[in-house]
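Below you'll find the structure, written out as structure tokens, and then a few comments.
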Amino acid sequence: MSILEVDNLSVSFKQYTSGLRQHTQEVISNLSMELVSGEILAVVGASGSGKSLLAHAILGILPSNAQTSGKIRFDGEVLTTKLQEQLRGKEIALVPQSVSFLDPLMRVGAQVRTSVRKGKAKEAQKKVFERYHLKEEVENMYPFQLSGGMARRILVSTAMVSGARVIIADEPTPGLDSVVIKEALTNFREFADQGCAVMLISHDIESALQVADKVAVFYGGTVLEIAPAENFEGNGDRLQHHYSKALWRALPQNDFTCEFKN
Amino acid sequence: MQLSKQLNLNKRQSTLLACIVLSIIVCAVVLTGFLYDEDRIASNLEVRNAAPSFDHFFGTDWLGRDMFSRTIMGLSLSIGVGLVGAIGSASISIILGVIAATMGKVADSIVTWLIDLFLSVPHLVSLILIAFAFGGGFKGIVFGIALTHWPSLARVIRSEVMQVRSLDFVQVSRKMGKSRWWIAKEHIMPHIVPQIIVGILLLFPHAILHEAAVTFLGLGLSPHEPAIGIILSESMRYLSVGMWWLAFFPGICLLIIVRMFDKIGDNLRMLIDPHHAHR
Amino acid sequence: MLLEANHVSFRYGTEPWLFRHVDFKIKTGEIVGLVGPSGSGKTTFGRLLAGYETPHEGSITLDGSPVPSNRYHPIQLVFQHPEKAVNPRWKMRKIVNEGWEPDEALLEKLGIMQEWLERWPNELSGGELQRFCVARALGTNTRFLIADEMTTMLDAITQAQIWHAVLEIAEKRNMGVLVISHDHHLIHRLCTRIIEFKDLV
């Protein structure tokens with residue numbers, strides 16, 4: 001059952017070109033996809049191609065010079081700005097890309113606790129910290145005291161305790177070592193198995209493939225194809241699009257080639 | 001910004017337009033203020049206490065002096081005081097801010113302490129004291145403004161320089177074999193110059209208002225100088241007899257100029273801030 | 001040429017030691033991989049080698065003598081986040097030419113388009129910016145390149161392209177490269193020697 005549907009979404013920005021003129025630049029065009037409960041959809045593609053903006057569009061946190069068209073539906077209901085605000089952090093949770101999303105003046109333990117909606121906050125937070133190998137003293141640290149990897153684990157924990165039905169993870173794994181990556185991904189898997197929908201935005205196909213059910217290949221502001229994860233194998237011959245194949249073959253464990261030139 | 005909506009201007013264009021309009025007004029006011037001779041505001045007892053008319057746009061006062069001319073001359077003087085004061089103040093901020101950010105911990109704590117000290121005393125109080133110490137009048141008020149308005153800008157510059165210095169690309173530049181001087185010139189200055197310009201623009205209205213306030217209280221410019229503050233304080237006595245124009249027009253003019261500087265400063269600040277830059 | 005870390009220790013301020021008495025050697029022509037869990041101090045170690053930090057104990061030497069600090073540094077570091085390593089108020093042409101002037105062939109090898117040179121950093125993607133940072137760090141006087149998660153944030157195609165170019169240049173100029181990464185596949189693909197950071201400490 002699909003929880004979240006993106007229908008013909010376009011996002012464009014107003015920018016100053018040179019001096020005084022403003023022009024509109026489209027960064028996402030005519031994108032359609034859906035998130036199904038119990039499934040992980042990985043969105044892979046070049047960094048800076050607008051993948052994060054897709055997440056921001058769904059959450060309604062685009063910068064104010066952005067314009068959108070098209071529809072996003074949650075549970076069949078069209079998402080309005082107001083509805084997005086209500087659902088954000090409750091039904092739809094974000095695992096963001098950077099530490100700057102944490103409140104710099106709040107101890108991280110407390111930040112994780114504020115996201116807990118059901119049950120005892122303290123317990124849930126302790127449990128999730130244990131799960132991510134965060135020592136007890138980390139609870140009382142401020143974001144600036146965390147190493148990159150620790151910060152990321154905090155961000156993952158925050159979404160994990162919120163009990164949301166849709167989790168959008170924006171590059172949740174770079175900067176983590178493989179053990180922690182595997183853990184984080186396993187947790188996303190468990191999350192999906194509980195009946196939630198997970199959107200995993202990543203440029204790291206390899207780790208995404210470990211858990212994803214489907215993979216959406218993102219290029220030039222839109223989704224080229226949505227392929228089942230098992231199609232990424234061998235020489236990538238079961239992939240439809242030229243770019244998807246090139247992306248797959250460019251991995252260091254495959255051919256490590258760069259035949260696709262933009 | 002109703003006008004800018006009608007003309008379909010974006011923020012950069014409307015800011016530029018406001019800058020042009022404001023500089024024309026300011027130049028015109030300052031120039032006419034200088035070119036007017038004293039005859040324009042000579043007393044003419046035949047037209048005492050006249051309400052605004054085509055002969056006297058802003059009316060006349062109890063000595064029959066033309067209020068329009070007085071306002072222009074007052075504004076011209078106020079703008080002069082504000083400009084000199086704001087530039088003096090900004091110079092102090094730049095010097096102290098850069099010293100604090102680059103010359104080590106001792107210099108930094110001294111400057112920070114000075115900033116806190118000046119910020120802890122209300123502007124008006126220290127302004128009055130300093131103006132007194134310098135013997136009042138034009139000199140006193142200019143020094144007073146220059147010496148009291150620098151702390152907030154100095155703090156901005158200090159933190160800005162410190163922040164830029166610690167950025168990756170500045171450190172990379174060192175490893176490219178660039179000298180400190182070269183880095184200061186090529187990397188750090190371009191980052192803080194816009195801040196300084198905005199700082200001066202935002203200081204300016206403060207300077208003018210404080211000058212007017214101190215003069216109004218009788219502690220600034222001397223009564224024979226046609227400053228806005230003096231015009232306002234003199235006219236207070238006549239408000240109760242219904243001569244509203246004495247205070248109304250000079251006040252409004254002062255307000256408009258101050259507001260425009262404020263607005264332009266704000267717009268510029270938004271435009272140089274990367275988070276708002278493209279709105 | 002031989003780059004050595006002799007008994008190097010480091011900590012930030014008065015915090016606990018990040019690592020103590022680390023010995024490490026890398027020769028020109030070598031491609032060495034450095035792996036280890038996050039937060040173990042690999043990044044800081046890379047910064048020490050490239051002269052961004054000074055060790056509290058021990059020394060970094062190049063052929064036995066200290067590394068000169070007031071001219072072009074022979075050990076160049078490429079950061080994980082290119083966005084922070086370029087001045088946002090400079091055009092790309094000025095950025096890439098800051099330390100030396102790369103020729104067109106090198107830019108092309110790294111996949112840098114000529115028209116990008118006239119753009120501002122915020123008009124390019126992370127992958128595009130990183131190519132410039134690599135080009136900037138590959139000056140003719142660079143003897144060692146430290147790549148700290150250099151391509152972690154980039155897609156596979158860009159990653160492959162950048163590394164092919166770097167390997168080719170490193171071989172031609174007999175440069176040493178230290179690859180710091182979590183990606184075991186990448187490290188195995190690139191490196192002639194692999195070191196666990198915890199074995200050094």
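The chains referred to below are lettered A, B, ... by the order of the sequence lines, with proteins before strands, and numbering in each begins at 1. Because the structure is a prediction, the values reported are computed rather than measured. In what follows, every heavy atom counts, from backbone to side chain, and hydrogens, waters and symmetry copies are set aside.
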Inset, instruction - Using heavy atoms and a sub-4.5 Å threshold, report which of residues 162-175 of chain C line up against chain A, by residue number. - result: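 If one takes a 4.5 Å heavy-atom cut-off, the residues of residues 162-175 of chain C near chain A are C:Trp163, C:His164.
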Which heavy atom of [X] sits nearest to which heavy atom of [Y], and what is that distance?
| X | Y | result |
| --- | --- | --- |
| C:Asp155 | A:Leu247 | OD2-CD1, 4.1 Å |
| A:Ala250 | C:Ala160 | O-CB, 3.9 Å |
| A:Asp255 | C:Arg189 | O-NH2, 2.9 Å |

Legend entry - side chain to side chain contact (heavy atoms under 4.5 Å, CB included) evaluation trace for A:His203 with C:Thr158: CA-CA 11 Å; A:His203 64 270; C:Thr158 312; over 6 Å; no
Look at atom [atom1] of [X] and say whether more than 12 heavy atoms of other residues, nucleotides or ligands are closer to it than 6.0 Å.
| X | atom1 | value |
| --- | --- | --- |
| A:Gln253 | CD | yes |
| A:Lys127 | NZ | no |
| C:Lys27 | NZ | no |
| C:Glu118 | CD | yes |
| C:Glu115 | CD | yes |
| A:Glu190 | CD | yes |

Legend entry - Within residues 209-219 of chain A or reaching into it, pairs that qualify as salt bridge (Lys or Arg N to Asp or Glu O under 4.0 Å) - sequence neighbours excluded: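 Listed once each, the pairs are A:Glu39-A:Lys214, A:Arg189-A:Asp213.
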Inset, instruction - Identify which part of A:Asp204 has an atom lying under 4.5 Å from any heavy atom of chain C, answering side chain, backbone, both or neither. - result: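 Neither part, no heavy atoms under 4.5 Å.
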Inset, instruction - Would you please name every residue forming a side-chain hydrogen bond (donor to acceptor under 3.5 Å, both in side chains) with A:Gln145, sequence neighbours left out? - result: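 So A:Gln145 forms no side-chain hydrogen bond (donor to acceptor under 3.5 Å, both in side chains) with any residue.
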Legend entry - Interatomic distance, A:Thr257 atom OG1 to C:Gln161 atom CD [nearest 0.5 angstrom]: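 Between A:Thr257 OG1 and C:Gln161 CD, I get 11.0 Å after rounding to 0.5 Å.
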Name every donor-acceptor pair, under 3.5 Å, that has one atom in a side chain of residues 48-55 of chain C and the other anywhere in the protein, sequence neighbours excluded.
unit_1  : atom_1 : unit_2  : atom_2 : d
C:Glu53 : OE2    : C:Arg47 : NE     : 3.1
C:Glu53 : OE2    : C:Arg47 : NH2    : 3.3

Inset, instruction - Tell me, for C:Leu129 versus chain A, whether the close heavy atoms (under 4.5 Å) come from the side chain, the backbone, both or neither. - result: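 Neither; nothing under 4.5 Å.
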